[in-house]
Amino acid sequence: MSTRQFGAPVQRREDPRLVTGNGRYLDDLGHTAYECAFLRSPHAHARIVDIDIADAFEVDGVVAIYLHEDLPGAVGEPLPLLIPHPALIAPRTGYCLAKDEVNHVGEAVVMVVARDRYVAEDAVARIQVEWSPLPAVVGLERAREAAHLVHEEAAGNISAHLLQSVGDVDAALASAPHRLTLDLSIERSACMPMEGKGVYARWDAQDEKLRIYSSTQTSTGVRAAVAAKLGLPLAKVECIAPDIGGGFGAKIMHPWPEEVLIPWAARLLGHDVKWTEDRREHFISSSHERGQLQQVEVGFDDEGRILALDVKFWHDNGSYTPYGIIVPIITSTQLLGPYKPRSYRVEFWSMYTNTVLVTPYRGAGRPQGCFAMERTMDAIAAQLGIDRAEVRSRNFILPQEMPYDHGLMFQDGRPLKYDSGDFPASLAKLKALVGWDDFAAYREQAAAEGRRVGLGIGCYVEGTGVGPYEGGHIQVETNGRVNVATGLTTQGQGHQTILAQIVADELGVPLDDVHVTTGDTRRMAYAVGTFASRGAVMSGNAVALAARVVRAKALRIAAEALEVSADDLDIADGIISVKGAPDTRIALSTVAVLSNPLRYAFDESAKAATQFAGTFDPDKPPIADDEEPGLEGQDFYSPTQATFANGMHAAIVETDPVTAEITILRYCVIHDCGMMVNPMIVEGQVHGGVAQGVGGALYERMFYDESGQLMNASFMDFLIPYASEVPHVETDHLETPSPLNPLGIKGAGEAGTIPVTAVIASAIEDAEGFPIRSMPINPSELWALRREHSQASATKESAP
Amino acid sequence: MKPGPFVYHRPLSVQEALSVLTDVGHEGKILAGGQSLIPILNMRLASPSHLVDINRVPGLDEVTVSSEAVRVGALVRHRQLERDTGAYAANPLLRQALHCVAHPAIRNRGTTVGSIAHADAAGEMPSVAVLTEAVMEIRGPSGVREVAADDFFEGALETCLDHDEILEAVRFGRFPEGTGTAFLESARRHGDYALAGVAAAVTVTDGTIVSARASFVSVTEVPTRLDLTEAVAGQEPGAVDWSVIDDLVQEHISPEADIHATADYRRVLAGELTRRALAQAVTR
């Protein structure tokens, strides 16, 4: 018997190719293509008075220069609003090239196509634009003041306003024995994949067919968007996501202006065209996330149980809202984490600012929600003098209360209903892992050495695997090779490994025979994309279902060939045999030959199969009415709702008593993503997520000045933590299977990122003894906070 | 992020390099390790019309240790100097500081002399140059002139180098016997430009301090040497209260705020790092 692959720490099969430099990323393609560069707005808010491209055309090697007025029909119309919502009262999307007005630094205004990127940039440098600057709205405070408007039709700079509530919050607050209010803020960060965006388009004039390669998280979406914009039949457009050097959310937004413009130009010019985003462009013209101001009012009883939770927050959505209000909706619902306040009201305003637009970034609104909830938990514990873990535990939803319906609407428009999880068990594991109960002694010992340490904690629940669907297609070749296709794309998650593990088990074939293709619309035309921690849940279950279709078909054919009942057959290692009589057998590859009545003896499998050709019924067609030729099958997985993963993190930090430098000494994670297909890959996801979370907690922020210039648009000043700044991550797992899908899987992709900011804030607060209400935090800011608090306490002491 | 057009020169001798630099007037820029220059070109912060790549010029990649100095040629990579055992024995501060210069990948290409010629006050090696009273060997059309490190740095990214001159080598001075050194800096991430940094050298003779000096990274406009001898001379190294130098340090430095830290914080940081560096230096 072959060993079960599901649950085994199989090494990533894609790595030998990738780490030996044989990856094929967007910029590795199309070496003979024309290349593009864009003139991007240097102003955060301005009207375009005049554009003079005459001098740019003089540069040798320039092929074409396009302005908005050159864009025909739908190409020149506003980009689509992907996800409308009734609460999105003033949606605005940009144009492929700015029309009359720009709304953030970095907005594309002029497109130059040239022999190569060097020439294109030389030409961009020679374009003269006359601007009429307008007042820029930068930061949520300015947006709320609304002294100036980003878009005239968005009154008060508000794009969306949404209120959800459960229970009578006002009454519960009024009667609560204790009340607290917290003002919180989180700053902007961004995805920062190693490979930025990129598009390469080939127009085949003979076939009148367009092929697009895009560094995207959704090739089916890009395909449909481009076909619509260019007025091409869908059948004449194909989109392929090659190897992708990271996505983290920015590449689920689509179509980006360049994804329309590059294919449009390729068709117009009859020549391959490509554009590879550089790092500066990624900073100022992709997307950001995280910026929020929050106000929490909480009422609780003497035990620390939350009776009323009243949250208001303001979400910075940047200049446009093409991705709707997914991020603030997630914040508003996932804020609740593993807890069950007796009543809850959340109200948010999504605000326009003259900055880069905001779309989901790994965690997608959850880190902010988790921050609000966990800061509140710590505040309650401090107020009542109760252990912080104990306060959390008293508010937990218990396993016997699952499924737990919060009575709210989630990001997918469906009820926010937790399917599984055992929060008390997770907390017990976390306390054991970090040594929660021994920390007081450790703190004392450190203090005796003149060191200052703190312990922090944070819990979260993450809705993963949102629908509507993903598909799997499986084909067994006559040599036994198993081709698996799923439509969602891969950016390094290890899909080639985990999907193969699932198929190998379901189909009963060796792992090495299974080959997985993702994100290629030629192989799977129906797909949603890779985001929302949905890859393993959605495509994992889809390929499992497809494998079951193929397995059933293989057994039917084998049963006929071996003249036994299909119920008596089993498949292992690619061989179908009779249970209890292993010598009565047939190879899956031979079954693949039998599945196709057109049977030229091209190869050994086909020759071997001829002995089974045998007798046939002359009155029946070679293929039965309910069959198809070929050993292949397809199925789709479509869940009724998201499945909810959860986790709990704890960290020990040290802060330097003089310099306020912050060091993470330990970082512990308990993670529950249901059944793990590959625990090694899950751990990798958690480690990477924590690293990104550390960035958001201590290093990364978008530093806009008042005029809307991004002052740190390079890796010199935008600080992504190096390996030297990321702590060793200690992990332990709890597997509470999801009852919602055949494999019991919950998503893992974003998990590591979500609570880190909350956990580090909690630990610093514990070390310093004053509240941390704003993140990220750096040593200079911590030092300033210390000074404020020591002055405040000095004033207090000297007061009469 | 592609550089503007430039003419690429690859001279095979110093003379040839000098003649190109003379020919192109103020439009020439020397390329050695390129770790600062190439990003500047790619971001089009500078667009020199002529790039003079000296990487093929022989004889510039040597580290020579004499009784007075460690002489470092214009093409010596940071990593080569960092690993040079002779240089370390002659002046341990070189290795102590080089360990803080970015990361190994950058130190493998970047040159020590290049970073001094670049004269970024956030660079570690300009600071080491002034503390060691280095001598700059500058070759121009009419031969070599020698300039003391104190006179070399004129402002942010500005030196006394003329457009037709090459900083051919730097001779880092050696400290007297009984000198301990330390280099400390605090950066947001390991290898980043420091928020503040300090190089310190303390000389002890017959059990008492006879000299103490420090130079700084990122908190002075140009690298300068601060003599702290008067404050601590005659004291026993193990019994010094290093806070006596606080006022001297605070008077000497003039940190500015940026997006990573306030000026006040940098003052506190520089003061603490100086105390720690001096305390560390006397233990060596």
Side-chain angles (χ1 to χ4, degrees), chain A residues 35 37 59-61 114 116-122 124-126 196 276-283 656-662 694-695 698-705 710-726 776 778-787, chain B residues 1-6 8 35-36 38-45 47 99-100 102-106 120 122 184-198 218 242-243 246 255-277 279:
Chain A
E35 295 204 60
V59 177
D60 182 42
D116 59 43
R117 177 69 179 244
Y118 292 81
V119 171
E121 289 194 19
D122 291 347
V124 166
R126 291 216 209 171
T276 307
E277 183 180 68
D278 69 26
R279 188 55 57 185
R280 181 168 165 76
E281 288 182 296
H282 190 77
F283 271 102
D656 187 292
V658 180
T659 65
E661 288 161 296
I662 303 158
V694 168
L698 296 176
Y699 296 97
E700 299 168 4
R701 70 183 69 196
M702 292 293 171
F703 195 90
Y704 276 104
D705 72 6
L710 185 56
M711 305 302 285
N712 60 339
S714 83
F715 281 161
M716 196 167 84
D717 283 321
F718 179 85
L719 310 177
I720 291 178
Y722 298 133
S724 44
E725 280 69 51
V726 177
N778 66 29
S780 179
E781 290 161 326
L782 179 58
W783 177 81
L785 275 180
R786 277 182 187 169
R787 205 161 56 161
Chain B
M1 279 211 235
K2 303 289 183 201
F6 57 82
Y8 176 74
Q35 297 304 290
S36 297
I38 298 294
I40 287 170
L41 295 181
N42 283 346
M43 289 192 262
R44 298 196 181 214
L45 297 173
S47 290
H99 184 68
C100 295
H103 302 98
I106 290 170
D120 192 333
L184 291 180
E185 68 175 36
S186 176
R188 291 292 285 117
R189 300 172 298 184
H190 180 76
D192 275 352
Y193 287 124
L195 299 177
V198 59
S218 297
W242 290 107
S243 62
D246 283 358
E256 289 180 10
D258 71 3
I259 63 174
H260 302 302
T262 61
D264 284 350
Y265 175 72
R266 282 169 197 261
R267 282 194 172 278
V268 169
L269 189 60
E272 177 67 8
L273 289 174
T274 310
R275 288 190 290 273
R276 289 181 191 177

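Note on naming: letters A, B, ... go to the chains in the order of the sequence lines (proteins, then strands), and numbering restarts at 1 for each one. Keep in mind that what you see is a predicted model, and the values were worked out from it rather than measured.
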With only heavy atoms counted, which part of [X] is less than 4.5 Å from chain A, the side chain, the backbone, both or neither?
X	value
B:H103	side chain
B:R44	side chain
B:P39	neither

Segment of [X] engaging chain B (4.5 angstrom heavy-atom cut-off):
X	result
A:T659	both
A:E121	both
A:F703	side chain
A:A784	neither
A:I662	neither

Can you establish whether the number of heavy atoms outside A:R280 located under 6.0 Å from its atom CZ is more than 12?
-> no
Can you measure from [atom1] ([X]) to [atom2] ([Y]) and round to the nearest 0.5 angstrom?
X	Y	atom1	atom2	result
A:L719	B:I259	CG	CD1	7.0 Å
B:K2	A:D116	NZ	CG	9.0 Å
B:D192	A:E725	CG	CD	7.5 Å

Minimum heavy-atom distance A:S780-B:T262, with the two atoms named | OG-N, 3.0 Å
Would you call B:R188-A:D717 a salt bridge at under 4.0 Å N-O?
->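 Judged by the 4.0 Å cut-off on N to carboxylate O distance, B:R188 and A:D717 do not form a salt bridge.
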Could you tell me whether A:R787 and B:D264 have a side-chain N and a carboxylate O separated by less than 4.0 Å?
->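 Looking at A:R787 and B:D264, the cut-off is met.
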With the side chain counted from C-beta on, respond yes when B:R276 and A:V658 share a heavy-atom pair under 4.5 Å apart, and no when they do not.
-> yes
Spell out, as yes or no, whether a donor-acceptor pair under 3.5 Å connects the side chain of B:R189 to the backbone of A:S724.
->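 No, B:R189 side chain to A:S724 backbone: no donor-acceptor pair under 3.5 Å.
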Flag the one option from B:H260, B:H190, B:R266 with the top tally of heavy-atom pairs under 4.5 Å to chain A.
->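 The answer is B:H260.
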Apply side chain to side chain contact (heavy atoms under 4.5 Å, CB included) to the pair B:M43 and A:D278, showing each step before the final yes or no.
-> CA-CA 11 Å; B:M43 289 192 262; A:D278 69 26; over 6 Å; no
